[in-house]
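First up is the structure itself, then whatever we jot down about it.
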Amino acid sequence: MNARPDPGLFFDPSKCFIGGLWVAPLGGDYLPIENPSDGTQIGLIPRGSKGDIDAAVTAARAALTGVWGKTPAAERGRILARIGQKVLERADDLARIEAMDVGKPLKQAKADALALARYMEFYGGACDKIMGETIPYLDGYTVYTLREPHGVTGHIIPWNYPMQVIGRSVGGALAMGNAVVLKPAEEACLTAIAFAQIAKEVGLPDGVLNVVPGLGEEAGAALTTHPGVNHISFTGSVPVGQIIQRAAAENVVPVTLELGGKSPQLVFADADLDRALPFLVNAGIQNAGQTCSASSRILVERKIHDELLARMAERYRALRVGPAVADLDLGPMVSKRQKEIVGSFLGDLGGAEIAARGTVEANAPNGGHYLAPTLISGVAPNNRLAQDEIFGPVQVMIPFDSEEEAVAIANGTDFGLVAGIWTADGGRQMRLAKAIRSGQVFINNYGAGGGVELPFGGTGKSGYGREKGMEALYGFSVLKTVAAWHG
Ligand code: ADP
C-alpha cells in the first residue's frame, strides 16, 4: 500500500475505525484522495466492503449491550462535550485538512469545524434533557413514556459539508444513546476519520462510533441493507435517497432523508436591499454553490428587477475563485465530475442570459476544478435552470408581479427545503411564511448562520425527517409506552 498521508494529519487516513481500533480494510483495497485545488493525489483511504460494514455493525451492537447501553445520559453528555472541546482545540487543523480534501476556502472550512464543535456542545447538553411523559389514564393505572435509542444508526453523508453533517446527525444519534456506523462520502473522508480519532482520544467507549470509508454502491449499500442497522440517516442526492428508502423498506427501518433543494429568496420592492444583497449572493455562491440549502432562485418583484439585477451583477463581477488555501470567495468544485455536471447546465440556457460572472484567478493551478460563479437573468420558471438542483455557483433571477405569483413560483418545483422572504410588510411576512412549502423559512435573513439549534429538513423531494435542534432527538429515538396496573 502506497499511502502518502499529509505529514500534518494527526491520524492515518488509510484505516477504518471499527470497535475502537484502526484496522485495514478486509479486502485490502484503497481509493485515492484528490486535492481538488490542484488535482494532485494526497493519500489513500480504505475502500470499505460488506465485510468491513458487517464488522462495524457487530462492534456497534456489542457497544449497545455493553458499556454504552449502561452509560448514564449525563455521562454521554460529558463525552460529547469533550469531543466538542477537542474539535475546538483542533479547529485550525481540521479546517486545513477539510480545505485540502474538498477545496473549500479556509474560512468556510474553519466555520464548519466550529459548527461541529457547537453541535457536540449542544447535543452534549441535551443528553439528559429529553424526557418522557406521564399520561392520565384509567383508575388503577400509571402510564408513562420512555424515549429509547433505536440501537445501531447508519449514517451516509455527503462531501459538501462533512463536519457539519457529522455534527448534526452523529451528534444527535449519540446524544440519544445510539451506536453509530458512519460511511463518509468517497470524495471527503478525512474529517470523518479525524472525528473518530478525536472521539477515541476523549474516551468514547469502543464500538460506539465506527467509520468505514468506501464507495456508495459498496460500503454504503452494505450499510443500508444490513439487518443489524435500526435507523438510517442520509444526506445526499434524490436518486440515492430513493435507493436508500427502498433498501430500508426491506428491513422496515426508519430513514431520515435530506436530499437538497431549489431554494428561493423572494425579494419585494419594499425590501431593504442593502441588507439583502450580501445574503442573496452568499446563499448562492457559498461553498461554490455545493450546498443543499443554497438559494439558487432569486424571485424579484418586477418593479425593482433591473436595479437588483445590476447590484447583484456588480457583486458577481467582484467574486474571485482560487485554491482553498488562498481563502478567496470560492474554491474549486469538489471534483471534475461535479464541474462537468454544472457545466452541462450552463451549456443550455434555454433562452436565458448570463448577466455576470466572477473571475477564476489567473494563477489557479491547472489541475484544479475551477468554475466562475454565474448569475443568469431572464429565466422562465419552467426552465430546467429554475427547476433542477444544479449544485454549483449558479443563481437564476425570475421576475414576478404579485404576491400570489411569487408564491406560485416559489412552490413550483419538486423541492421544499429553505426559503427567504425579503419585505418590510409584516402581514406579508406572516402570510408568506405560511404559504411557502418549505422546511425552513427565513424573514429578512437567510440561513441564520447555520443554526445548530434550528430544526432542518425538507418537504417534497427535499426529503423528510428533521435534523438539528432538539427536534432531531425525537427522530433518533423511539417512544415506548409503559402502562402499569396497580389496582
Ligand atoms: P453526490 O451525487 O452529490 O456525490 P450522492 O447522493 O451520490 O451525492 O452521495 C451521497 C452519499 O451517498 C455518499 O456517501 C455516497 O457514497 C453515498 N451513496 C451513493 N450511492 C449509494 C448507494 N447506492 N447506497 C448507499 N449509499 C450510497
Side-chain angles (χ1 to χ4, degrees), residues 16 25 29 31-34 36 45-50 52-54 56-57 101-104 153-166 168-170 180-193 195 210-226 229 231-251 253 255-262 287-294 296 332-342 344-345 369 371 388-393 415 417 458 461-463 467:
C16 302
D29 294 321
L31 298 165
I33 312 171
E34 189 202 38
I45 49 160
R47 177 170 168 176
S49 61
K50 200 166 181 298
D52 300 303
I53 290 291
D54 200 37
V57 174
D101 198 12
V102 302
K104 60 177 71 196
T153 52
H155 302 251
I156 307 237
I157 66 165
W159 44 261
N160 57 342
Y161 288 87
M163 285 193 277
Q164 295 215 30
V165 183
I166 289 170
R168 75 183 197 212
S169 86
V170 173
V180 163
V181 179
L182 167 63
K183 206 297 283 173
E186 40 274 54
E187 299 88 347
C189 287
L190 293 185
T191 48
I193 301 170
F195 181 76
N210 305 275
V211 180
V212 181
L215 297 173
E217 55 276 22
E218 295 175 0
L223 181 57
T224 52
T225 52
H226 199 293
V229 172
H231 178 279
I232 298 164
S233 164
F234 172 74
T235 303
S237 63
V238 175
V240 175
Q242 290 167 328
I243 291 172
I244 285 173
Q245 197 170 9
R246 282 186 209 109
E250 204 53 47
N251 294 324
V253 165
V255 289
T256 302
L257 298 177
E258 202 270 86
L259 307 179
K262 195 71 192 170
N287 207 37
Q290 303 166 124
T291 305
C292 313
S293 54
S296 48
M333 306 301 290
V334 74
S335 61
K336 182 164 178 274
R337 174 176 157 260
Q338 194 59 27
K339 183 181 166 182
E340 285 169 358
I341 291 171
V342 179
S344 75
F345 277 97
H369 311 304
L371 196 66
D388 297 352
E389 188 177 42
I390 299 176
F391 228 61
F415 298 100
L417 191 57
K461 284 196 176 161
S462 291
E467 290 190 340

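We count ligands from 1, going down the list as the structure has it; atoms in each ligand are counted the same way.
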Min N/O separation S237 to ligand 1 under 3.5 Å: yes
Per-atom contacts of ligand 1 with A185, taking only distances under 4.0 Å to non-hydrogen atoms: 13 (C), 14 (O)
Could you check atom 2 (O) of ligand 1 against the protein and tell me its nearest heavy-atom contact, residue, atom and distance included? R337 NH2, 3.4 Å
Do me a favour and list the nearest non-hydrogen protein atom to atom 14 (O) of ligand 1 with residue, atom name and distance? I157 O, 2.8 Å
What are the atoms of ligand 1, with element, lying closer than 4.0 Å to any heavy atom of W159? 1 (P), 3 (O), 4 (O)
Please check: side-chain N/O of K183 versus main-chain N/O of G214, any donor-acceptor pairing under 3.5 Å? yes
Heavy-atom gap E389 to ligand 1 smaller than 4.0 Å: no
Quick check on atom 9 (O) of ligand 1 - does any protein heavy atom sit closer than 4.0 Å to it? no
The closest protein heavy-atom partner of atom 23 (N) of ligand 1 is I243 CG2, 3.9 Å
Against ligand 1, does F391 come closer than 4.0 Å with any heavy atom? no
Do K104 side-chain atoms and N160 backbone N/O form a donor-acceptor pair below 3.5 Å? yes
Side chain E186, main chain G216, donor-acceptor under 3.5 Å: yes
Tell me if a side-chain donor or acceptor on D52 pairs with a main-chain N or O of V212 at a distance below 3.5 Å. no
Provide, to 0.1 Å, the distance between atom 17 (C) of ligand 1 and the closest protein heavy atom, together with that atom's residue and name. I156 CG2, 3.5 Å
Under 3.5 Å donor-acceptor, Q290 side chain and N287 backbone: yes
Backbone of L182 reached by a side-chain donor or acceptor of N210 within 3.5 Å: no
Whether R168 and E258 form a salt bridge (side-chain N of Lys/Arg under 4.0 Å from carboxylate O of Asp/Glu) is what I want to check. yes
Just need the protein heavy atom nearest to atom 18 (N) of ligand 1, so name the residue and atom and give the distance. G216 CA, 3.3 Å
With distance as the sole test, does S462 use its side chain to make a donor-acceptor pair with the main-chain N or O of G260 at under 3.5 Å? yes
So between C292, A247, C189, G220, whose heavy atom ends up nearest atom 25 (C) of ligand 1? G220
If only side-chain N and O atoms count, and only distance matters, is there a donor-acceptor pair under 3.5 Å linking S233 with E467? yes
Protein heavy-atom partner closest to atom 7 (O) of ligand 1 - residue, atom, separation in Å: V240 CG2, 3.6 Å
Just need the protein heavy atom nearest to atom 15 (C) of ligand 1, so name the residue and atom and give the distance. E186 OE1, 3.5 Å
Quick one: which ligand 1 atoms are inside 4.0 Å of a heavy atom on G236? 6 (O)
Would you check whether K183 has a nitrogen or oxygen atom less than 3.5 angstrom from a nitrogen or oxygen atom of ligand 1? yes
Under 3.5 Å, side chain of E389 to main-chain N/O of G261, donor-acceptor pair present? yes
